[in-house]
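Throughout, numbering of the chain's residues begins at 1 and tracks the sequence.
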Amino acid sequence: MVLDSNQIQQILPHRYPFLLVDKIVDMEVGKWARGIKCVSANEMQFLGHFPEKHIMPGVLIMEALAQTGAVAILSEPENKGKIAVFGGIKNCRFKAQVVPGDVLELYCEMTDRRGPIGYGKAVAKVDDKVAAQGELSFVITE
């Protein structure tokens, strides 16, 4: 299942400048999603992070991963119109800098769900090299 940015906006409440997934390239609804983010020097965060050497903030990489997972969860019919909010991040590691011109490959897989609470493992790569990874928790709410 492939979703473009317009279809993603029908699922996620995020909008510019905080929609951080450009495309979903594959997904199993409710289980996992694989997306991409094309990093551009025109993005707001690069005005201050850092003006002389642009580096995508790690927290935004984790947010992009969470949004990727949220597309999989919020694509379930029973979650239509709801939002998924962060519950926490564990074992987060940043392994490589992400800079303008990179294509960030995003993957988030659900590992456990208990009612509206869920857990997932997430990995962001650039050119098949891990840039960031972590375990995410979330809550589905109205």
Measure across [X] and [Y] and return the closest heavy-atom pair with its distance rounded to 0.1 Å.
X      : Y     : result
Ala124 : Ile61 : CB-CG2, 3.7 Å
Leu12  : Ala70 : CD2-CB, 3.7 Å
Cys38  : Glu43 : O-OE2, 3.5 Å
Ala72  : Lys31 : CB-N, 4.5 Å
Met62  : Cys92 : SD-SG, 3.7 Å
Ala41  : His54 : CB-ND1, 4.2 Å

Cluster check [X], [Y]: I/L/V/M/F/W/Y, side chain < 4.5 angstrom:
X      : Y      : value
Val103 : Ile24  : no
Ile89  : Val130 : no
Val25  : Val21  : no
Val39  : Phe50  : no
Val123 : Trp32  : no

In the structure I gave you, are the side-chain heavy atoms of [X] and [Y] within less than 4.5 Å of one another anywhere?
X      : Y     : answer
His14  : Ile83 : no
Gln97  : Lys53 : yes
Val71  : Met27 : yes
Phe138 : Ile73 : yes

task: Please report the C-alpha distance between Val126 and Leu104 in whole Å, then the side-chain angles of each, then the deciding distance to 0.1 Å, and finally whether the side-chain contact (heavy atoms from CB on, under 4.5 Å) criterion is met.
output: CA-CA 5 Å; Val126 175; Leu104 198 54; 3.8 Å; yes
Under 3.5 Å, is there a donor-acceptor pair between the side chain of [X] and the main chain of [Y]?
X      : Y      : answer
Asn91  : Glu135 : no
Thr111 : Tyr119 : yes
Arg15  : Gln9   : yes
Ser137 : Gly88  : yes

query: Does the side chain of Tyr107 come under 3.5 Å of the side chain of Glu105 through a donor N or O and an acceptor N or O?
result: no
task: Calculate, to the nearest 0.5 Å, the distance between atoms CD and CD1 belonging to Gln45 and Ile55 respectively.
output: 12.0 Å
- request: Identify which one of Leu19, Leu74, Ile8, Leu106 satisfies the side chain to side chain contact (heavy atoms under 4.5 Å, CB included) criterion when paired with Gln67.
  value: Leu19
- request: Indicate yes or no: does Lys82 engage Glu76 in a salt bridge with an N to O separation below 4.0 Å.
  value: no
task: Start with the C-alpha gap between Asp26 and Val2, add the side-chain angles, then the distance that decides, and say whether side-chain contact (heavy atoms from CB on, under 4.5 Å) holds.
output: CA-CA 5 Å; Asp26 200 6; Val2 176; over 6 Å; no
- request: Applying side-chain contact (heavy atoms from CB on, under 4.5 Å), run through Cys108 and Leu136 and close with a yes or a no.
  value: CA-CA 9 Å; Cys108 188; Leu136 312 176; 4.2 Å; yes
field: Worked check of side-chain contact (heavy atoms from CB on, under 4.5 Å) between Ile11 and Ser75
entry: CA-CA 7 Å; Ile11 299 166; Ser75 291; 3.5 Å; yes
message: If you count heavy atoms of other groups shown closer than 6.0 angstrom to CG of Asp127, is the number above 12?
response: no
message: Using a 6.0 Å cut-off, check whether atom CZ of Arg114 has over 12 heavy atoms from anything other than its own residue.
response: no
